[in-house]
Amino acid sequence: MPFLFAMKEELEKRYEPEKFESRLYEQWEAAGYFTPVDDPERPKFSIVIPPPNVTGRLHIGHALVNTLIDIVARWKRMSGFNTLWVPGTDHAGIATQMIVDRELTRQGLSRFDLGREKFVEKVWEWKERHATEIKDQLVRLGASADWTREQFTLDPKLSRAVRYVFVKLYEDGLIYRDRALVNWCPFCQTAISDVEVEYEERTDKLTQIHYPVADSDRRLTVATTRPETMLGDTAVAVHPDDERYQDLIGKKVLLPIANRRIPVIADAVLVDPAFGTGVVKVTPAHDRNDYETGLRHDLPQLQVIGEDGKMTAAAGADFAGLDRFEARKKVLGLLEAQGLLGKIEDLTHNVGSHGKCGTTIEPMLSLQWFVKIEPLAKPAIEAVRSGTITITPQSWEATYFNWMENVHDWTISRQLWWGHRIPAFHCPNGHTTVTMDDPAACPECSAPVTQETDVLDTWFSSALWPFSTLGWPDENAADLKTFYPTDALITGFDILFFWVARMIMMGLRFTGRAPFEQVFLNGLVRDEQGQKMSKTKGNVIDPLDVVNEVGADALRFTLAINASGRDIPLGRSRIQGYSAFVNKIWNASRFAMMHLDTDLRDASQIDRDELRTVERWILSRLNTATNEVNKSLSHWRYDEAANTLYHFFWGEFCDWYIEMVKPVLLGRHGDEAAREKAKRVLLEVLDRSLRLLHPFMPFVTEEIWLKLGGVEPSIMVAPYPIAEQILEDPEAERLMTAVKAMITTVRNVRAERGFTPKDRFRLTIQAQNGREANFFRDVAYLLIDLARLTEVSLNGEVPAGAYQDLVEGFPIAIELPEKVVTPEQLERARRDIEKSEKELAALDAKLVNEQFLKNAPAQVVQTAQARQAELRARLGKLQQNQ
RNA sequence: AGUCCCCUAGCUCAGUUGGUUAGAGCGCUACCUUGACACGGUAGAGGUCAGCGGUUCGAGUCCGCUGGGGACUACCA
């Protein structure tokens, strides 16, 4: 990696991200770095944003997803990929309509006062405001998305794709219109799909009601949690084999209040004879199972609850117009008065409500549009099973299969105003036309046509997002040809069914290819105690607040280092911890730059053989880190990659290497030539570290790097480091590990024996051969500096009374002045020895065990033997320290 | 009810195909304002890896059971 640097200026004393983050982003955008280059030589990498709803501000979950996307995008871009990240927003049908509706309510208006056209105009105004706000927030995060390609699901281009898909699926018989039982939200007054229903466990009253058997004094007792639906009962069902009711099958019961005669039917599917009384009331118009039972027995469907959640005329004059829950009370009162009320018990069951508004769902018969799902699901299942698409973490695949293998047809029509209006045209003679272009008149009978008023489920357009945003259905669209299929999809697991599954289905159906190869599902951001964040709990963290407080880089790094695919516990203290790391990077760079000259050139020209062991060591460690970061990122282990960087930069570069070059840089040791080499290596390590860190911390790395003055105009278009075998140096690592351990041992003994940092000792090292002896002589200045010694002597006599130890295979002795040893110190020393003795005993036993020697791999036996020898030697030394 | 996941230091978590002395961050203790950083440095305390049983020369890691927690899907009159 040849590179040139000309130090431009020093860093500010303090790290103050607010001073440069926005400026850098503007520079990147102005330079066009977010837009892919037109270079056919480069492999491409493309990814689409999970389009945020235009309902409002982004929350911490958005910050997470977009940070993870940005890390991959920046990593790929620096790694030479022609990278496209498509940004955009979703019109979010119900959610957005609700919000604008609510605003109108505050003004004392309703959408009906405005009318459809005016209302939709209002929503567009809202959208313009919020799409901008969302972009601003992503900008603050440092998202390297290509804003010249920003998309919106209701844009003409995407709307055309939506219409094309609708028409095609209709023509292929996969979209149909039918009167069927759907999930109805009485508050939003629209049908919703199965996935939009959220189930919550609740304890309700299970009420027994006695239905008198017609022309008899017997009565059948049913049990229900929804007494008001009895008004819509059109049968009572028992199990065909239930002896208790054999004689009543085929007879009639008299439905109380309504005073209708309804049949007693036998149904083995609906009725579990062991539950309750074994008798079930059947309300085909308001319950899924009853609906299907009704179809089996050809029962009338009596709709007693209307679209507004109020009782209909069919419920009887006394009930018409009454809210469904009011009606329940009234029914119970009347039944009680008639003595037809039985036992009332608690029953814990699941109740479905609309995820967007919380209203209890009313299963309702309704004329709606559906997508036949099975022909779409089959290939989508196959794509994941065959590995064409991989899902990470893999455990989600089971959930995916489970759902896909059992999905029902998808209700796609919504009784809303905000969304893609269904391109179906009806004429008074009952003909329906579905075409790409609006028909002037009915093609069959030339009668005037009117367009369907329903709009499509928001997720219908989202399902096309990876290709509609790239220009599809125009097969020749340049972006489609270059960037489709996309490479990866990063999103929350909560929209696996809503979005991911449907994109796979639609992508396969319409482009013949999986819309992406890899899916990474990130976890939920929770608070530090693992609790879900919610406004009511007051534990919500607003990403923008965090950016304002500590900068985008600290937030991004905190999110990344916790992103393993599981839920992420996030708290202020955690973010603080990683903002300290950003601060550390700033200060370490500042130190390095204080000692780098302005005329450094082409550090790659250093002859590696001329480097000292210390320098070969840090380059070797850096190389290992480089290798690990690339590897971890390639399999979605953001946490591993971030951890590797954290420990390399702080634990090795700052804590050891910088301390080790200080004597040379500050002129306390070595000559001018040595100083030059040290500077170049320092620069090289800093440069590579910044590049490695850049995808995680784009701002701080750029700010420092620009001041370092590299040849590339920006770190974000500089090459990402890759591991180079030439930098590996196991021997340097072995020796430096020993040096570090010796320093730590001296410090440890100093502290344990109650000496102060000012007390200096003499250290004696026994080297095994001349080469090692020379090495320790060369680094003696380092040991003296970092371990605070008076001198280091090689292979000398061990003075009587010196503290002895064996460190990484090297016997050492520390000459300590006389000092009274406290009982605590003795106790500690004894415990240390005891621990080693225990371990040695276990090893001794293991190494005479023939089974172990026979079965264990040679490598394992060898390390055990080596450890045994070392422990024996070390114990010998330690026992002399009294 | 089914499927999946989790239980490792005070807290939150990492521990790849079973193999040296189980790690990190935060928190805690003691000492240190040493020329980049007190958002710092040095040293340290703290773990019967939920429990029981099994497989194995060897289990935090594999299998079974029990207990506790969570997620998703389906359904319950």
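What you see is a predicted model, and the numbers here were worked out from it, not measured in a lab. Chain A is the first sequence line, chain B the second, and so forth, proteins listed ahead of strands; every chain is numbered from 1.
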Engineer: Separation of Asn587(A) atom CG from C39(B) atom P, in whole Å?
Structural biologist: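 The distance from CG of Asn587(A) to P of C39(B) comes to 11 Å, rounded to the nearest Å.
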
Engineer: Examine the base of C57(B) for any acceptor or donor lying under 3.5 Å from a partner atom in the side chain of Lys854(A), and report the outcome as yes or no.
Structural biologist: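 Such a pair does not exist between side chain and base.
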
Engineer: Calculate the interatomic distance between Glu12(A) atom CD and C37(B) atom P; express it in whole Å.
Structural biologist: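 Between P of C37(B) and CD of Glu12(A): 15 Å.
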
Engineer: Counting side-chain heavy atoms from C-beta on, which of C39(B), C72(B), U12(B) comes nearest to Pro569(A)?
Structural biologist: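 Nearest to the side chain of Pro569(A) among the choices is U12(B).
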
Engineer: Less than 3.5 Å between a donor and an acceptor, one on the side chain of Glu752(A) and one on the base of A30(B), is that the case here?
Structural biologist: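 Side chain to base: no pair present.
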
Engineer: Could you measure between the two C1' atoms, the one in G58(B) and the one in G18(B), and give it in whole Å?
Structural biologist: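 About 8 Å, rounded to a whole number of Å.
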
Engineer: Could you go through Arg750(A) and Asp759(A), starting from their C-alpha distance and side-chain angles, then the distance that decides it, and tell me whether this counts as salt bridge (Lys or Arg N to Asp or Glu O under 4.0 Å)?
Structural biologist: CA-CA 8 Å; Arg750(A) 172 182 286 115; Asp759(A) 296 314; 6.0 Å; no

Engineer: Starting at CD of Glu397(A) and ending at C1' of A71(B), how long is that distance when rounded to a whole Å?
Structural biologist: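 Atom CD in Glu397(A) sits about 17 Å away from atom C1' in A71(B).
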
Engineer: Just one of Val271(A), Leu270(A), Val269(A) clears the side chain to side chain contact (heavy atoms under 4.5 Å, CB included) bar with His239(A), so which one?
Structural biologist: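 Exactly one candidate clears the test, Val271(A).
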
Engineer: Please measure how far the C1' atom in G25(B) lies from the corresponding atom in A9(B), and state the result in whole Å.
Structural biologist: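 Per the computed distance, 12 Å lies between those C1' atoms.
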
Engineer: Distance check: side-chain N/O of Trp403(A) vs OP1/OP2 of G2(B), anything under 4.0 Å?
Structural biologist: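 Trp403(A) to G2(B) OP1/OP2: no side-chain N or O under 4.0 Å.
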
Engineer: Go through it in stages, so that I can follow the logic: the residues are Asp832(A) and Arg874(A), the test is salt bridge (Lys or Arg N to Asp or Glu O under 4.0 Å), and I'd like the CA-CA distance, side-chain angles, deciding distance and then a yes or no.
Structural biologist: CA-CA 11 Å; Asp832(A) 264 8; Arg874(A) 179 150 193 266; 5.5 Å; no

Engineer: How long is the line joining CZ of Arg750(A) and P of A43(B), in whole Å?
Structural biologist: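 To the nearest whole Å, that distance equals 11 Å.
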
Engineer: Under 4.0 Å from OP1 or OP2 of C37(B): is there any side-chain N or O of Lys662(A) that close?
Structural biologist: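 Result: no.
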
Engineer: I want to verify a distance call: between U33(B), G25(B), A36(B), whose nearest atom is closest to the Lys758(A) side chain?
Structural biologist: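 Of U33(B), G25(B), A36(B), U33(B) is nearest to the side chain of Lys758(A).
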
Engineer: For U21(B) versus U42(B), give the span between their C1' atoms, rounded off to a whole number of Å.
Structural biologist: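 My reading of the C1' atoms in U21(B) and U42(B) gives 23 Å.
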
Engineer: Considering only the C1' atoms, how many Å lie between U29(B) and G46(B), rounded to the nearest integer?
Structural biologist: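 Between the two C1' atoms, the distance is 11 Å.
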
Engineer: Say you pick atom C1' in U20(B) and the same atom in U34(B); how far apart are they, in whole Å?
Structural biologist: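 Those two atoms are separated by 37 Å.
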
Engineer: I want to confirm an ordering. Mapping Val222(A) and Ala398(A) to their closest nucleotides on RNA chain B, which one lands closer to the 5' end?
Structural biologist: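 Nearer the 5' end of the strand: Ala398(A).
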
Engineer: Among the candidates U3(B), C75(B), G15(B), find the nucleotide nearest to the side-chain atoms of Asn289(A).
Structural biologist: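 Nucleotide nearest to Asn289(A)'s side chain: C75(B).
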
Engineer: Using whole Å, report how far NZ of Lys584(A) lies from P of C39(B).
Structural biologist: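 Between P of C39(B) and NZ of Lys584(A): 12 Å.
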
Engineer: Which residue pairs pass the salt bridge (Lys or Arg N to Asp or Glu O under 4.0 Å) test with at least one member in residues 267-281 of chain A, sequence neighbours excluded?
Structural biologist: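 The answer is Asp233(A)-Lys281(A), Asp267(A)-Arg296(A).
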
Engineer: What's the closest nucleotide to the Phe852(A) side chain, out of A74(B), G19(B), C13(B)?
Structural biologist: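 Comparing A74(B), G19(B), C13(B) against the side chain of Phe852(A), the answer is G19(B).
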
Engineer: Closer to the 5' end of RNA chain B via nearest nucleotide, is it Leu853(A) or Glu839(A)?
Structural biologist: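 Counting from the 5' end, the first nearest nucleotide belongs to Glu839(A).
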
Engineer: Would you say a side-chain N or O of Lys13(A) is under 4.0 Å from OP1 or OP2 of C37(B)?
Structural biologist: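 Yes.
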
Engineer: Taking atom P in both A50(B) and A14(B), compute the distance separating them and give it to the nearest angstrom.
Structural biologist: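 Approximately 13 Å lies between the P atom of A50(B) and that of A14(B).
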
Engineer: Using only side-chain N and O atoms of Asn855(A), determine if any of them is under 4.0 Å from OP1 or OP2 of C57(B).
Structural biologist: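 Yes, such a contact exists.
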
Engineer: Take atom C1' in U17(B) and the same atom in A59(B), then report the distance between them in whole Å.
Structural biologist: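 Result for the C1' pair: 14 Å, nearest Å.
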
Engineer: With pairs taken as Watson-Crick or G-U wobble and both distances under 3.5 angstrom, which stems of at least three consecutive pairs involve RNA chain B?
Structural biologist: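 If one scans RNA chain B for consecutive Watson-Crick or G-U pairs, the stems found are B:1-7 with B:67-73, B:10-13 with B:23-26, B:28-32 with B:40-44, B:50-54 with B:62-66.
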
Engineer: For Arg526(A) and C11(B), what is the distance between atoms CZ and P respectively, to the nearest whole Å?
Structural biologist: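 It is 18 Å, rounded to the nearest whole Å.
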
Engineer: Which whole number of Å gives the distance between the C1' atom of U55(B) and that of U12(B)?
Structural biologist: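 Looking at atom C1' only, U55(B) and U12(B) are 34 Å apart.
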
Engineer: Which one, C39(B), A43(B), A71(B), comes nearest to the side chain of Ala751(A)?
Structural biologist: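 Minimum distance to the Ala751(A) side chain belongs to A43(B).
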
Engineer: Would you indicate which nucleotide in A24(B), C37(B), G41(B) comes nearest to any side-chain atom of Asn643(A)?
Structural biologist: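 Between A24(B), C37(B), G41(B), the one nearest the side chain of Asn643(A) would be A24(B).
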
Engineer: Can you confirm if the NZ or CZ of Lys584(A) lies within 45° of the ring axis of Tyr578(A) and under 6.0 Å from the centre of its six-membered ring?
Structural biologist: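 Not flagged: Lys584(A) not positioned over aromatic ring of Tyr578(A).
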
Engineer: Ignoring hydrogens and angles, state whether a donor on the side chain of Asn562(A) or Asp639(A) is under 3.5 Å from an acceptor on the partner side chain.
Structural biologist: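 Result is no, nothing qualifies.
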
Engineer: Whether Arg747(A) contacts A43(B) is assessed here as follows: a side-chain N or O lying under 4.0 Å from the phosphate OP1 or OP2. Is that the case?
Structural biologist: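 It does, given that an N or O in the side chain of Arg747(A) lies less than 4.0 Å from OP1 or OP2 of A43(B).
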
Engineer: Using distance alone, with no hydrogens and no angle criterion, decide if His286(A) and Thr229(A) have a side-chain donor and acceptor under 3.5 Å apart.
Structural biologist: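 Not at all, the side chains of His286(A) and Thr229(A) share no donor-acceptor pair under 3.5 Å.
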
Engineer: Salt-bridged, Glu16(A) to Lys19(A), with N to O below 4.0 Å?
Structural biologist: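 Looking at Lys19(A) together with Glu16(A), the answer is yes, because their closest N to O distance falls below 4.0 Å.
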
Engineer: Among A36(B), G46(B), U20(B), which nucleotide has an atom closest to any side-chain atom of Arg867(A)?
Structural biologist: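 Closest of the options to the side chain of Arg867(A): U20(B).
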
Engineer: Which of the following nucleotides, A71(B), C37(B), G25(B), is nearest to the side chain of Tyr646(A)?
Structural biologist: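 It is G25(B).
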
Engineer: Among the nucleotides C76(B), G35(B), A74(B), which one has an atom lying closest to any side-chain atom of Leu666(A)?
Structural biologist: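 Side chain of Leu666(A) sits closest to G35(B).
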
Engineer: Give a yes/no answer on whether the side chain of Asn748(A) brings an N or O atom under 4.0 Å of OP1 or OP2 in G44(B).
Structural biologist: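 Answer yes for this pair, as a side-chain N or O of Asn748(A) is under 4.0 Å from OP1 or OP2.
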
Engineer: Flag the pair Glu628(A) and Arg637(A) as a salt bridge only when some basic side-chain nitrogen lies within less than 4.0 angstrom of an acidic carboxylate oxygen.
Structural biologist: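 Salt bridge absent between Glu628(A) and Arg637(A).
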
Engineer: Kindly say whether, by distance alone, the side chain of Asn583(A) makes a donor-acceptor pair under 3.5 Å with the base of C37(B)?
Structural biologist: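 There is none.
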
Engineer: Name the closest nucleotide to the Pro757(A) side chain, picking from A36(B), U73(B), C31(B).
Structural biologist: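 The answer is C31(B), which lies nearest to the side chain.
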
Engineer: Is it true that Glu405(A) and Arg385(A) make a salt bridge, defined as a side-chain N closer than 4.0 Å to a carboxylate O?
Structural biologist: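 Salt bridge present between Glu405(A) and Arg385(A).
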
Engineer: If only side-chain N and O atoms of Arg566(A) are considered, is one of them under 4.0 Å from the OP1 or OP2 phosphate oxygen of C6(B)?
Structural biologist: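 So the side-chain polar atoms of Arg566(A) do come within 4.0 Å of the phosphate oxygens OP1 or OP2 of C6(B), strictly under.
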
